[in-house]
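Some notes on the structure that comes next.
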Amino acid sequence: MKDYARLGYRLTLFTLSLSVTITIACGVSLAELLSRRRIDRTPYARFCFHGAARSLGFRVRQQGDVSTEPVLYVSNHISWSDIPVLGGQSPLRFLSKAEVGKWPVIGWLAGQAGTLFIKRGGGKSLHCRQEIANTLTGGQSVLIFPEGTTTTGLTVLPFHSRLLWAAKDAGVNIQPISIGYLRDGQPDHLAPFIGDDEFQSHILRMLKRPSVDVGVIFHPKVTIDEHSDLDALAAELHQTVSTGLKQIHRCRSLDDVTSTGGMTARQTP
């Protein structure tokens, strides 16, 4: 009975959060139409992502400094929920698979937030790299998931290097991020969105359960230039993110994190 009461409460909060987000998106679109100029949506998106993460019951802990200048963020990928969590920490634009753009409501909102959608295969990587580089050059950070898929959250898959060229093209740094989910002091088995799981059933399962702790580590930025070996760089970034994930898993609770000084609690619904 408690699970269903929690589900009803969180669904209400999430619905309110979506309503606010839709209102903001429509307002920004109207303002663009009337002013006939493009508006930077990343600050509005960050506000909305932050609200969505809170309504979903994520207790986010962040360590490290968020870049104050445009960077190419690279992160491990566990679930669709990585997007509201990470989007609420820094103004940025995401790279996502094209299928997400077709999700009801969520897909439209992702597009309104400036998400760059990529179609798999068909030699699209060069076009995607150019689009990311143009966004970075225009002064906006972009986050990619170089594993290319979601995982169980226990380990980090090898990183693909091809999209790292976008940072080189734009002349910006790369900042690696580690994200991990903990429940009862252990890696959470509910958060991973893998296999043939469906978004609707997955979000309902998560909303029924008590709040989950999410650790986010912003690692030091990495400089890239024309002499950089991107395959070696991808391996280095992979090692950094993997080490960060292990660090998150060692933080058994928010109390433990606070007492050791490992991470700082940023959001507590």
Side-chain angles (χ1 to χ4, degrees), residues 1-27 44-63 76-89 94 96 99-100 102-110 112-113 150-154 179-216 245 248-259 262-269:
M1 190 65 181
K2 186 181 295 185
D3 286 350
Y4 287 99
R6 183 183 297 112
L7 174 61
Y9 174 70
R10 290 212 182 123
L11 277 178
T12 300
L13 289 181
F14 187 56
T15 301
L16 289 174
S17 176
L18 280 181
S19 299
V20 171
T21 300
I22 291 171
T23 301
I24 291 175
C26 291
Y44 303 101
R46 182 183 183 183
F47 171 82
C48 294
F49 283 135
H50 179 90
R54 288 181 64 87
S55 69
L56 290 168
F58 297 128
R59 299 188 298 187
V60 182
R61 316 186 305 277
Q62 183 224 306
Q63 175 188 349
N76 60 311
H77 196 15
I78 298 172
S79 177
W80 57 268
S81 54
D82 299 345
I83 293 177
V85 168
L86 297 177
Q89 303 302 303
F94 288 92
S96 178
E99 291 87 341
V100 173
K102 299 177 182 178
W103 289 1
V105 183
I106 300 296
W108 179 79
L109 289 174
Q112 292 296 305
T150 53
T151 72
T152 61
L154 299 177
I179 183 171
Y181 297 77
L182 291 175
R183 191 181 298 275
D184 299 326
Q186 300 294 329
D188 183 35
H189 68 281
L190 289 176
F193 184 64
I194 53 178
D196 297 326
D197 210 346
E198 295 183 350
F199 173 75
Q200 293 89 337
S201 58
H202 186 265
I203 191 173
L204 290 177
R205 289 199 303 272
M206 291 189 69
L207 292 178
K208 285 181 181 179
R209 300 302 303 276
S211 297
V212 62
D213 296 333
V214 189
V216 178
L245 180 61
I248 293 170
H249 287 166
R250 287 197 297 268
C251 296
R252 297 303 182 187
S253 69
L254 284 175
D255 292 337
D256 181 44
V257 168
T258 303
S259 64
M263 296 183 194
T264 302
R266 292 290 299 274
Q267 304 172 19
T268 306

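Because the structure is a prediction, the values reported are computed rather than measured.
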- Query: Are side-chain N/O atoms of Ser79 and Tyr181 paired as donor and acceptor at under 3.5 Å?
  - Reply: no
- Message: Testing the 3.5 Å rule here: is there a donor-acceptor pair between the side chains of Ser211 and Arg10?
- Response: yes
- Item | Partner residues of Phe49 under the ring-ring contact (aromatic ring centres under 6.0 Å, His included) criterion, sequence neighbours left out | Phe94
- Going from NE2 on His77 to CZ on Phe193, what distance comes out if it is rounded to the nearest 0.5 angstrom? 9.5 Å
- Query: Looking at NE2 of His202 and CG of Leu190, how far apart are the two atoms once the value is rounded to the nearest 0.5 Å?
  - Reply: 7.0 Å
- Task: Check whether any side-chain heavy atom of Thr151 lies under 4.5 Å from a side-chain heavy atom of Ile194, and answer yes or no.
- Result: no
- Nearest-0.5 Å distance, CG of residue Asp213 to CZ of residue Arg59: 4.0 Å
- Task: Decide if atom CZ of Phe47 counts as having more than 12 heavy atoms of other residues, nucleotides or ligands within a radius under 6.0 Å.
- Result: no
- What heavy-atom pair brings Asp3 and Arg6 nearest, and what distance separates the two atoms? OD1-NH1, 3.0 Å
- State, yes or no, whether a side-chain contact exists between Leu56 and Met206 at a heavy-atom distance under 4.5 Å. no
- Task: Could you give me the CA-CA distance, side-chain angles and deciding distance for Leu182 and Arg61, then say whether side chain to side chain contact (heavy atoms under 4.5 Å, CB included) is met?
- Result: CA-CA 11 Å; Leu182 291 175; Arg61 316 186 305 277; 3.6 Å; yes
- Item | Test: Arg205 and Asp197 ion pair at under 4.0 Å | yes
- Task: Name all residues meeting the side chain to side chain contact (heavy atoms under 4.5 Å, CB included) criterion together with Leu245; count only those two or more places apart in sequence or in a different chain, and write none if there are none.
- Result: Asn76, Val156, His249
- Query: Can you name the nearest heavy-atom pair linking Gln89 to Val85, along with the distance?
  - Reply: CG-O, 3.2 Å
- Task: Could I get the full list of ring-ring contact (aromatic ring centres under 6.0 Å, His included) partners for Tyr44, not counting sequence neighbours?
- Result: none
- Query: Can any side-chain N or O of Arg46 pair as donor or acceptor with the backbone N or O of Gly87 at less than 3.5 Å?
  - Reply: no
- Task: Could I get the full list of salt bridge (Lys or Arg N to Asp or Glu O under 4.0 Å) partners for Arg183, not counting sequence neighbours?
- Result: Asp188
- CD1/Ile179 to CG/Leu86 distance, rounded to the nearest 0.5 angstrom? 4.0 Å
Please list every donor-acceptor pair under 3.5 Å in which a side-chain atom of residues 17-25 meets a protein atom from a residue at least two apart or in another chain.
| residue | atom | partner | partner atom | Å |
| --- | --- | --- | --- | --- |
| Ser17 | OG | Ala52 | N | 3.4 |
| Ser19 | OG | Thr15 | O | 2.9 |
| Thr21 | OG1 | Ser17 | O | 2.9 |
| Thr23 | OG1 | Ser19 | O | 2.8 |

- Could you point out which residue of Thr152, Ile248, Leu154 forms a side chain to side chain contact (heavy atoms under 4.5 Å, CB included) with Pro187? Leu154
- Identify, with sequence neighbours excluded, every residue that meets side chain to side chain contact (heavy atoms under 4.5 Å, CB included) alongside Leu11. Leu7, Leu204, Leu207
